[in-house]
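Note that the structure is a prediction, hence the values are computed from the model and not measured. Just so we're on the same page: letters track the sequence lines, and every chain starts at 1.
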Number of protein chains: 2
Amino acid sequence: MSDTYHHGNLRQALIEAGIRIINEQGEEQLSLRKVAATCEVSHAAPYAHFKDKEELLAAMQNSVNEQFTAQLQRAIASAASAEQKILAMGRAYISFFCHKPDYFTFLFGKQKLVAHLTMDEEHEEDYPPFKLLKAVFRQYLAESGAALPPAEQEVGLIKIWSSVHGMAALACMTGVETTIDWEQIKLQ
Amino acid sequence: MSDTYHHGNLRQALIEAGIRIINEQGEEQLSLRKVAATCEVSHAAPYAHFKDKEELLAAMQNSVNEQFTAQLQRAIASAASAEQKILAMGRAYISFFCHKPDYFTFLFGKQKLVAHLTMDEEHEEDYPPFKLLKAVFRQYLAESGAALPPAEQEVGLIKIWSSVHGMAALACMTGVETTIDWEQIKLQ
DNA sequence: CATACTATCTTTACACTGTCAAGATATAGA
DNA sequence: TCTATATCTTGACAGTGTAAAGATAGTATG
């Protein structure tokens with residue numbers, strides 16, 4: 001199969017066009033027909049390369065994940081110890097998605113909630129469950145007598161929330177809830 | 001405006017029907033027309049109560065969040081210290097979504113990725129970035145000389161991943177990246 | 001070279017979606 | 001009783017994913 005068939009390499013072109021649309025217009029604006037039109041091809045042409053819309057989406061995610069993995073790999077290359085590598089991965093992880101925020105929602109979903117994850121009291125009313133955790137966390141800080149600066153308070157809060165959230169995700173999807181030792185969640 | 005107008009209380013009925021559809025058929029199967037049909041009402045009737053499909057979705061999320069908050073509140077009621085409350089909230093958080101897994105994806109998005117968050121080597125090939133973290137984490141365990149049981153290994157891994165993931169979400173959505181002290185991510 | 005074969009792409013069609021506009025209907029208030 | 005308003009129905013439209021049938025162009029086989 002040649003490289004300059006009817007279109008050239010439509011499969012790859014569709015993947016790249018889809019990713020470009022997501023970055024420029026957001027995921028909810030992505031449709032098979034629009035991707036096909038971007039490649040100047042009929043609306044049913046993608047079905048020669050992908051069984052589904054889902055299969056194109058999966059191919060797009062694979063492509064993004066390759067870039068993501070490459071960046072992580074680059075980050076740990078120069079780190080000495082494993083602990084350093086973990087920290088470097090954390091930085092690279094966040095850096096990657098900060099430069100391409102649409103990739104984050106594309107890979108992980110909506111996630112709008114986390115915008116409320118700050119300790120300031122302005123967005124207090126936004127997300128009730130998190131408001132509750134904030135209040136309890138302030139109480140915890142008071143009890144433990146620690147006078148942390150605001151930035152560190154935020155980090156502590158995020159650590160708790162994201163740990164629990166990640167565990168809930170794991171437990172929901174895999175059902176391994178009972179194997180988790182909850183005492184491990186404790187602060188510090 | 002009476003309580004037994006044409007339909008009774010269509011607004012509430014639509015919200016409940018929508019939630020039921022999500023629990024029984026999944027979110028991707030939810031459509032305005034199907035919700036309307038479930039309430040035995042014409043396909044345009046919801047527009048008397050909701051401007052958008054999005055507005056109905058938001059109302060449904062509010063309803064679920066109310067249940068969620070109530071369960072968290074119940075959990076912390078009997079806890080003595082703030083630290084105990086945080087742990088109780090963590091347990092209640094996970095318990096809530098374990099009993100209604102579709103609520104989790106409904107509120108937080110896809111999240112299928114986290115199914116790979118186990119330390120067993122079977123799903124190793126699933127998600128390359130996470131595979132990388134797993135390898136580095138094993139290396140870290142070896143370096144630190146700790147012989148943790150598998151369950152605790154998983155918890156450590158989840159703590160790191162979910163912390164970084166949660167911080168990436170925060171940084172992407174709010175742009176507060178620079179205020180975070182990364183040294184805090186360290187293990188323990 | 002001629003033929004058959006296969007991958008690729010187009011055209012047409014269908015059911016389904018969200019949304020809007022115009023009209024019907026029933027309740028509330030004057 | 002009359003009017004106004006909220007609620008609901010009907011009908012329409014553009015856009016969606018997808019399947020079927022046909023056209024086209026490359027590849028392989030004789």
Choosing from dT19(C), dC8(D), dT16(D), which nucleotide comes nearest the side chain of His49(B)? dC8(D)
Check: Gln29(B) main-chain N/O paired with Lys34(B) side-chain donor or acceptor under 3.5 Å: yes
Residue closer to the 5' end of DNA chain D, Leu32(A) versus Ala48(B) (nearest nucleotide): Ala48(B)
Using whole Å, report how far CG of Leu10(B) lies from C1' of dC8(D). 9 Å
Would you say the side-chain atoms of Glu55(A) pair up with the backbone N or O of Lys51(A), donor to acceptor, closer than 3.5 Å? yes
For Gln71(B) and Ala92(B) the tightest heavy-atom approach is NE2-O, 3.5 Å
Length of the OH-P vector between Tyr47(A) and dT8(C), whole Å: 17 Å
What about the rings of Phe68(B) and Phe96(B), do their centers lie closer together than 6.0 Å? yes
Which protein N or O atoms sit under 3.5 Å from an N or O of nucleotides 10-14 of chain D?
residue: dG11(D); atom: O6; partner: His43(B); partner atom: NE2; Å: 2.7

If I take atom NZ in residue Lys51(A) and atom P in nucleotide dA20(D), what distance separates them, rounded to the nearest angstrom? 14 Å
Is the shortest heavy-atom distance from the side chain of Leu14(A) to the side chain of Leu10(A) under 4.5 Å? yes
In whole angstroms, how far is the C1' atom of dT16(D) from the NZ atom of Lys34(B)? 15 Å
Check: Lys53(B) side chain, Leu32(B) main-chain N or O, donor-acceptor pair, under 3.5 Å: no
May I ask you to list the residues of residues 13-23 of chain A, by number, that have any heavy atom positioned under 4.0 Å from an atom of DNA chain D? none
Which whole-number value in Å describes the distance from Glu55(A) CD to dT18(D) P? 10 Å
Starting at CD of Glu28(B) and ending at C1' of dG18(C), how long is that distance when rounded to a whole Å? 18 Å
As an exercise, state the distance from CZ of Arg33(B) to OG of Ser42(B), rounded to the nearest 0.5 Å. 9.5 Å
Whole-Å distance separating the CZ atom of Phe50(B) from the P atom of dG18(C): 14 Å
From Tyr103(A), Phe106(A), Phe104(A), residue fulfilling ring-ring contact (aromatic ring centres under 6.0 Å, His included) relative to Phe97(A): Phe104(A)
Would Glu16(A) and Gln12(A) satisfy side-chain hydrogen bond (donor to acceptor under 3.5 Å, both in side chains), going step by step from the backbone distance to the final call? CA-CA 6 Å; Glu16(A) 289 170 8; Gln12(A) 191 58 30; 3.3 Å; yes
Rounded off to whole Å, could you give me the CD-to-P distance for the Glu40(A) and dT8(C) pair? 20 Å
